[in-house]
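As a basis for the values below, the full set of heavy atoms in this structure was taken, side chains included, without hydrogen atoms, waters or symmetry mates.
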Amino acid sequence: MKLLIGLGVVGGLLVAADRVAVGVAEDQAADAAVSSGWLTSKPTVEIGDVPFLTSAVAGELDQVDLSSDGMTVTDGKEKVTVRSFRASLSQVKFTDSYRGVTVGRGDGQGVVDYKDLAKFMRGGGLLNLEYAGPGEVKAAMPAGGITGKMHSEGNDVVVDNLQLTGTASALKGLAGDLLKPQRFHLTGLPKGLSLAEAAPEQGGVRLRFTVAPGTTLGH
């Protein structure tokens with residue numbers, strides 16, 4: 001009985017040590033995400049490897065998830081916030097005494113509000129953007145509006161196939177630049193991230209990203 005109690009105590013201490021170690025590692029990974037410029041505020045980081053110390057000794061983690069509202073993107077002029085950003089990383093190796101990490105694979109996503117996205121389109125007529133269905137956006141204007149397709153090409157977000165709706169369609173010959181495709185290039189993506197998709201949704205435009213293999217976060 002004493003032996004069983006002793007083994008139970010040792011097991012409990014090992015579990016406690018594992019949880020302390022994973023907490024330290026999560027905190028260091030969160031700091032690395034900020035110091036690398038990925039995020040402007042410290043994210044929540046969750047390491048899914050259990051037990052953590054076994055993976056740490058092996059030198060590679062299978063699952064690291066981070067979440068934050070502190071990510072921004074820019075077109076070189078305007079800067080907007082990506083809310084509810086989530087990233088899932090794997091084949092993660094800690095470097096520099098846990099002050100940095102190297103990512104083997106990963107992806108992420110977040111949402112940009114339509115009112116913020118319109119900052120990239122000033123002068124083009126597509127203000128007051130709204131969701132218009134899968135892959136489509138619309139902008140209200142007197143006596144009708146404009147609808148268009150939204151998608152990504154590389155790190156560009158593109159709105160094209162623009163059409164006037166309602167009685168505004170009678171003004172097609174006078175619309176001029178309003179119906180020209182609009183494109184803006186995201187120049188300020190965090191290191192290692194590439195835009196994979198721009199998908200209109202009810203609550204905003206969901207941006208999906210891929211993480212380049214070998215991306216290093218840290219000082």
Side-chain angles (χ1 to χ4, degrees), residues 37-41 43 66-89 105-213 215:
W38 258 42
L39 302 166
T40 57
S41 60
L66 61 85
S67 58
S68 174
D69 283 324
M71 178 182 171
T72 60
V73 294
T74 178
D75 64 348
K77 296 179 181 179
E78 298 285 350
K79 180 182 292 186
V80 302
T81 297
V82 179
R83 59 181 172 83
S84 302
F85 178 70
R86 303 287 185 271
S88 180
L89 313 176
R105 294 185 300 159
D107 55 55
Q109 60 179 292
V111 177
V112 176
D113 291 334
Y114 285 108
K115 63 180 178 61
D116 289 335
L117 196 69
K119 295 178 182 179
F120 294 148
M121 299 181 173
R122 295 201 182 281
L126 294 182
L127 303 180
N128 302 316
L129 282 176
E130 298 177 6
Y131 177 72
E136 296 187 351
V137 292
K138 62 183 179 181
M141 59 183 298
I146 301 176
T147 63
K149 301 287 187 180
M150 176 177 285
H151 55 97
S152 64
E153 294 179 4
N155 284 344
D156 290 1
V157 177
V158 181
V159 181
D160 55 16
N161 293 321
L162 295 166
Q163 299 180 17
L164 293 172
T165 62
T167 56
S169 59
L171 303 175
K172 185 174 181 179
L174 303 176
D177 290 343
L178 288 179
L179 299 182
K180 290 182 178 179
Q182 294 202 33
R183 172 190 300 263
F184 55 88
H185 182 70
L186 298 182
T187 62
L189 290 179
K191 178 175 61 177
L193 282 187
S194 297
L195 182 64
E197 183 183 24
E201 296 182 351
Q202 287 284 2
V205 176
R206 184 167 299 279
L207 302 180
R208 293 186 173 87
F209 307 93
T210 57
V211 183
T215 295

Enquirer: For the CD atom of E130 and the CD atom of E136, what is their distance to the nearest 0.5 Å?
Expert: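 Output value for this atom pair is 13.5 Å.
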
Enquirer: Identify the heavy atoms of K191 and T215 that sit nearest to each other, and give their distance.
Expert: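 Minimum heavy-atom contact is O-CG2, 3.6 Å.
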
Enquirer: Do you know the tightest heavy-atom contact between G203 and V111?
Expert: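 In terms of heavy atoms, the two residues are closest at O-CG1, 3.9 Å.
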
Enquirer: I need the M71 CE to L66 CG distance, nearest 0.5 Å.
Expert: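 The CG atom of L66 is 10.0 Å from CE of M71, to the nearest 0.5 Å.
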
Enquirer: Within this structure, what is the CG-CG distance for the pair D113 and L129, rounded to the nearest 0.5 Å?
Expert: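 Spacing of CG (D113) from CG (L129) equals 11.5 Å.
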
Enquirer: How many angstroms lie between CZ in R183 and CG in D75, if you round to the nearest 0.5 Å?
Expert: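 The distance works out to 13.5 Å.
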
Enquirer: How many angstroms lie between atom CG of L207 and atom CG of L117, to the nearest 0.5 angstrom?
Expert: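 Between L207 CG and L117 CG, I get 7.5 Å after rounding to 0.5 Å.
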
Enquirer: Would you indicate whether R86, at its atom CZ, is surrounded by more than 12 heavy atoms from other residues, nucleotides or ligands within a distance under 6.0 Å?
Expert: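 Yes, the 6.0 Å shell around CZ holds more than 12 heavy atoms from other groups.
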
Enquirer: Give a yes or no on whether the backbone of A196 and the side-chain of T210 come within a donor-acceptor separation of less than 3.5 Å.
Expert: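 Flag not set: sc T210 to bb A196 has no pair under 3.5 Å.
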
Enquirer: Determine whether H185 and N155 satisfy the following criterion, side-chain hydrogen bond (donor to acceptor under 3.5 Å, both in side chains), listing intermediate values before the conclusion.
Expert: CA-CA 6 Å; H185 182 70; N155 284 344; 5.1 Å; no

Enquirer: Do the non-hydrogen side-chain atoms of H151 and D160 ever get within less than 4.5 Å of each other?
Expert: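 Heavy-atom side-chain distance check passes, below 4.5 Å.
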
Enquirer: Distance-only, no hydrogens or angles: does the S152 side chain make a donor-acceptor pair with backbone N or O of G154 under 3.5 Å?
Expert: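 Here the side-chain-to-backbone pair does not exist.
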
Enquirer: Take a 6.0 Å sphere around NZ of K79 and say whether it holds more than 12 heavy atoms from other residues, nucleotides or ligands.
Expert: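 Not more than 12 within 6.0 Å, no.
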
Enquirer: Would you check if L193 and V211 make a side-chain contact, meaning some heavy-atom pair closer than 4.5 Å?
Expert: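 With C-beta onward as the side chain, the pair touches.
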
Enquirer: Would you say R208 and D107 make side-chain contact, with heavy atoms under 4.5 Å?
Expert: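 No, their side chains stay 4.5 Å or more apart.
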
Enquirer: As an exercise, state the distance from CZ of F184 to CG of D156, rounded to the nearest 0.5 Å.
Expert: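 Going from CZ on F184 over to CG on D156, the span is 9.0 Å.
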
Enquirer: Over all heavy atoms of both residues, which pair between G106 and L89 is shortest? Give the atoms and the distance, please.
Expert: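 G106 and L89 have their closest heavy atoms at CA-CD2, 4.1 Å.
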
Enquirer: Of all heavy-atom pairs between D116 and V80, which one has the smallest distance, and what is that distance?
Expert: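 Result for this residue pair: O-CG1, 3.4 Å.
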
Enquirer: The criterion is ring pair (Phe, Tyr, Trp, His ring centres under 6.0 Å); which residues satisfy it with Y114, sequence neighbours excluded?
Expert: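 Partners of Y114 by the ring pair (Phe, Tyr, Trp, His ring centres under 6.0 Å) criterion come out as none, since no residue qualifies.
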
Enquirer: Could you check whether the rings of W38 and F85 sit parallel, tilted or perpendicular, using 30° and 60° as the cut-offs?
Expert: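 The rings of W38 and F85 stand perpendicular, inter-plane angle above 60°.
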
